[in-house]
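The shown structure was predicted, so the numbers you read here are calculated from the model rather than taken from an experiment. Only this structure's heavy atoms are used, side chains among them; waters, hydrogens and symmetry mates stay out.
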Amino acid sequence: MAPTTLRANKASKSKANTAGAGASSSSPSPHRTTTTTTTSFTTTTTHSSTSPATTPEAPKLKNLAVYRYATWLEENQLKKTAVWIAVAAAVLVRWTVGLGPYSGQGVSPRFGDYEAQRHWMELTIHRPIREWYSDKSKWWDLDYPPLTAYVSWICGFLGAKINPEWFAWETSRGYESTDAKLYMRSTVLVFELLIYISSIVVFTQRWFAHKPWTRQHTALLLILLQPGVILIDSGHFQYNTVMLGLVVWAVNFFLGDQDVLGSVAFCLALGFKQMALYFSPAVFAYLLGKSFRQGFFGCIWKLIKLGVAVILTLGLLFSPWMESKEEILQVVQRIFPVFRGLYQDKVANIWCAVNIVIKLRERFAIQDLIRFSTLATLLSFLPSLVHLIAKPTKRGLIYGLINSSLSFFLLSFQVHEKSILLPALPITLLILDEPALAALFNTLATFSMFPLLRQEELTMQYYVLLGFWVWITTGTFNNVSTLLKFLSALNLLVIVSMHLGEMFVAPPARYPDLYAVLNSLWSAAGFVLYWAYFNYRQFTLVNTPKMGFRVTKSKTHKLA
């Protein structure tokens, strides 16, 4: 190598180490070229090198307050306790939000989601297991899969030991007390700690295994402070983080090439909430694509192992109701209640937007709407599914989860506004791969749930958490295109304008739901743009080694 080239190399390295403290090159890479800084990464699916000209730089983080905090922890040798501090902070935020009201508090006669969850605990501890899905009490029907019922039984059994009045059969319906609320809030937090928060800790350790610790810890803090899931589970009152945590555990296993365990974890997520079906096309495509790469006999053996794992897991979950066709059909009908209609309330998806002009629910029968929505959803995620089968990369899996879940949210039948938490999960996992887009999506997703949160009198919690999220992620927009900065500013301007208008300007008597409709239209338009963008990303950039992650049993390739 010529002396001038060596000198240029040294100068390039010095400049990179000085100016890129927040980028992925903040720690000197073991592989360098004379023209650009490159990254070493591992993969099990490709053996070709990527041109440096097409490799984007990792986002700079020095403008993020959480990154500066992580740097301070590292400088003061607090890395060993940092995770515990992060978890404690996440718990404190959730517990503070939980001090407020919950879904249906004091709203008789049916109350809300809080009472539904409490009643399921009452039901499961007092009725035989085979009657859980056929109870005729006409209160809150159990309409989630069996794992939710088992968790309800555990919570009800333990709670009844503390105070039997909380879950007394029939007489406890609508029961509200401070100690009962304390217990119910605690159950949400305990399961979130055991399943969701633990899965996020492991994910950040695996995804950023070959990156600086400060980057790993920054991702952990941002993911744990995602506002939407906190407001819904710790405020509104749900157990979504059990299902979401099981999905992340499945991803963790897939990142380690433990596909059978990943399949079991994903089946458990399906067994807790049927909404996990939003992710199933991506998981199916990824595992099928990997199986095809094993050769004929290897493919057959892998598919057999995966099939047995799925059948055994779901079979065990549903086994109490499989003694007769009528019983299992009753469970299925409860889990998929098509009678509720195309969507609920003013959800920010395509059908709700179209319904403003074309009254779909009045012009078409439910059966026709089911067919329309099913076909539209299939066509929406089909390109992503086919691409993931052809190129089953681990980074592609994350993008596939995004595109599949967004397709379901925008176009599937019977969508609730809370369902936006599903695409928000994989997008938030990419908080340092797609920092500005992930931050903006969570802002929009949280805003889209505002009508629900306002109904539950959680507006103060909403404003504080959303404002805090915007503040801690503002630095992600310092190194992005002018267009993205403009869209971010426009989004904030629209959100603030709508909230101020709702506070001070009453809607016309003819249109009492004006602000809710405007919210759903604006949010739906944004989600459609995100669907288009992430499909583009999956097809063009999923193989870009921008951040790096651990993959077992693989070869390391140097980028030319």
Side-chain angles (χ1 to χ4, degrees), residues 113-137 139-160 167 169 184 187-188 190-192 194-196 199 233 237-250 253 260-280 283-284 306-340 408 414 416 418-419 421-422:
D113 281 9
Y114 174 93
E115 171 60 17
Q117 300 284 350
R118 190 214 58 79
H119 174 63
W120 295 345
M121 298 174 191
E122 169 196 342
L123 170 70
T124 53
I125 64 174
H126 287 289
R127 308 306 299 165
I129 190 169
R130 293 179 62 181
E131 295 182 15
W132 289 357
Y133 288 93
S134 57
D135 175 61
K136 306 296 184 182
S137 61
W139 194 235
W140 285 99
D141 291 340
L142 179 58
D143 55 4
Y144 282 156
L147 189 55
T148 289
Y150 301 145
V151 168
S152 297
W153 181 88
I154 292 172
C155 295
F157 177 80
L158 295 176
F167 307 108
W169 181 244
M184 296 285 284
T187 61
V188 173
V190 168
F191 278 102
E192 186 168 4
L194 293 176
I195 300 175
Y196 178 76
S199 72
D233 276 27
F237 197 90
Q238 288 272 305
Y239 293 85
N240 292 293
T241 47
V242 176
M243 180 265 292
L244 297 175
L246 289 169
V247 172
V248 178
W249 273 115
F253 288 128
V260 172
L261 289 176
S263 299
V264 171
F266 186 71
C267 286
L268 291 175
L270 285 170
F272 190 82
K273 280 200 173 184
Q274 59 270 43
M275 288 190 302
L277 283 169
Y278 286 22
F279 297 126
S280 58
V283 174
F284 168 80
L306 295 174
V308 169
V310 170
I311 292 172
L312 286 178
T313 304
L314 294 179
L316 286 172
L317 290 176
F318 285 87
S319 59
W321 301 275
M322 295 182 71
E323 292 188 12
S324 69
K325 180 181 178 181
E326 291 73 19
E327 287 185 355
I328 195 65
L329 286 177
Q330 175 66 27
V331 175
V332 173
Q333 289 172 2
R334 283 283 187 90
I335 294 175
F336 299 101
V338 296
F339 60 86
R340 290 183 180 177
F408 271 89
Q414 184 49 222
H416 195 284
K418 296 190 292 286
S419 301
L421 295 178
L422 279 87

Asker: Only distances under 3.5 Å count here; give the side-chain donor-acceptor pairs of residues 269-280 to other protein atoms, sequence neighbours excluded, each with its distance to 0.1 Å.
Answerer:
unit_1	atom_1	unit_2	atom_2	d
K273	NZ	Q238	OE1	2.8
K273	NZ	N240	OD1	2.6
Q274	NE2	D143	O	3.2
Q274	NE2	I335	O	2.6
S280	OG	L277	O	2.6

Asker: I want to check something: taking the side chain as every heavy atom from C-beta on, are L312 and V264 in contact at a cut-off of under 4.5 Å?
Answerer: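 Of all side-chain heavy-atom pairs linking V264 with L312, none is under 4.5 Å.
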Asker: Kindly compute the distance separating CZ (F253) from CG (L261), expressed to the nearest 0.5 Å.
Answerer: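 So the gap between those two atoms works out to 5.0 Å.
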Asker: Does the side chain of F191 come within less than 4.5 Å of C155's, by heavy atoms?
Answerer: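 With C-beta onward as the side chain, the pair touches.
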Asker: About how many Å separate CE of M184 and OH of Y239, when rounded to the nearest 0.5 Å?
Answerer: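 Going from the OH atom of Y239 to the CE atom of M184 covers 4.5 Å.
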Asker: Show the nearest heavy-atom pair for residues S134 and R130, with the distance to one decimal.
Answerer: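 Taking every non-hydrogen atom into account, OG-O, 3.7 Å.
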Asker: Quick one: side chains of residues 119-126, donor-acceptor pairs under 3.5 Å with protein atoms, not counting sequence neighbours, listed by atom name and distance.
Answerer:
unit_1	atom_1	unit_2	atom_2	d
H119	ND1	E122	OE1	3.2
W120	NE1	W140	O	3.3
W120	NE1	D141	O	3.2
E122	OE1	R118	NH1	3.4
E122	OE1	R118	NH2	2.8
E122	OE1	S172	OG	3.2
E122	OE2	E170	N	2.8
E122	OE2	R173	NE	3.3
T124	OG1	W120	O	2.9
T124	OG1	M121	O	3.2
T124	OG1	W153	N	3.3
H126	NE2	F167	O	2.7

Asker: At their closest point, which heavy atom of C267 faces which heavy atom of L314, and how far apart are they?
Answerer: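 Of all heavy-atom pairs spanning C267 and L314, the closest is O-CD2, 3.9 Å.
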Asker: Where do A250 and G262 come nearest, in terms of heavy atoms and distance?
Answerer: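 So the two residues come closest at CB-O, 3.4 Å.
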Asker: Of all heavy-atom pairs between L246 and L147, which one has the smallest distance, and what is that distance?
Answerer: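 Smallest interatomic distance, heavy atoms only, reads CD1-CD2, 4.1 Å.
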Asker: I'd like to know if the side chain of W321 and the backbone of I129 have a donor-acceptor N/O pair within less than 3.5 Å.
Answerer: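 Confirmed, W321 side chain pairs with I129 backbone.
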Asker: Taking side chain as C-beta onward, heavy atoms only, is Y150 less than 4.5 Å from W132?
Answerer: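 Result yes, sub-4.5 Å side-chain heavy-atom pair found.
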Asker: If you compare all heavy atoms of V188 against all heavy atoms of D233, which two are closest, and at what distance to 0.1 Å?
Answerer: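 So the minimum-distance heavy-atom pair works out to CG1-O, 3.8 Å.
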Asker: Roughly how far apart are L244 CG and L422 CG, rounded to 0.5 Å?
Answerer: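 Those atoms lie 6.0 Å apart.
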Asker: How long is the span from the NZ atom in K136 to the CD atom in E131, to the nearest 0.5 Å?
Answerer: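 It is 10.5 Å, given to the nearest 0.5 Å.
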Asker: Answer yes or no: is there a side-chain heavy-atom contact under 4.5 Å between Y133 and P146?
Answerer: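 Yes, at least one pair of side-chain atoms sits under 4.5 Å.
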Asker: Is there a side-chain contact between L268 and T313, using heavy atoms and a 4.5 Å cut-off?
Answerer: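 Yes, at least one pair of side-chain atoms sits under 4.5 Å.
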Asker: Is the number of heavy atoms from other residues, nucleotides or ligands under 6.0 Å of F157 CZ greater than 12?
Answerer: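 For F157, atom CZ is not crowded (no more than 12 foreign heavy atoms under 6.0 Å).
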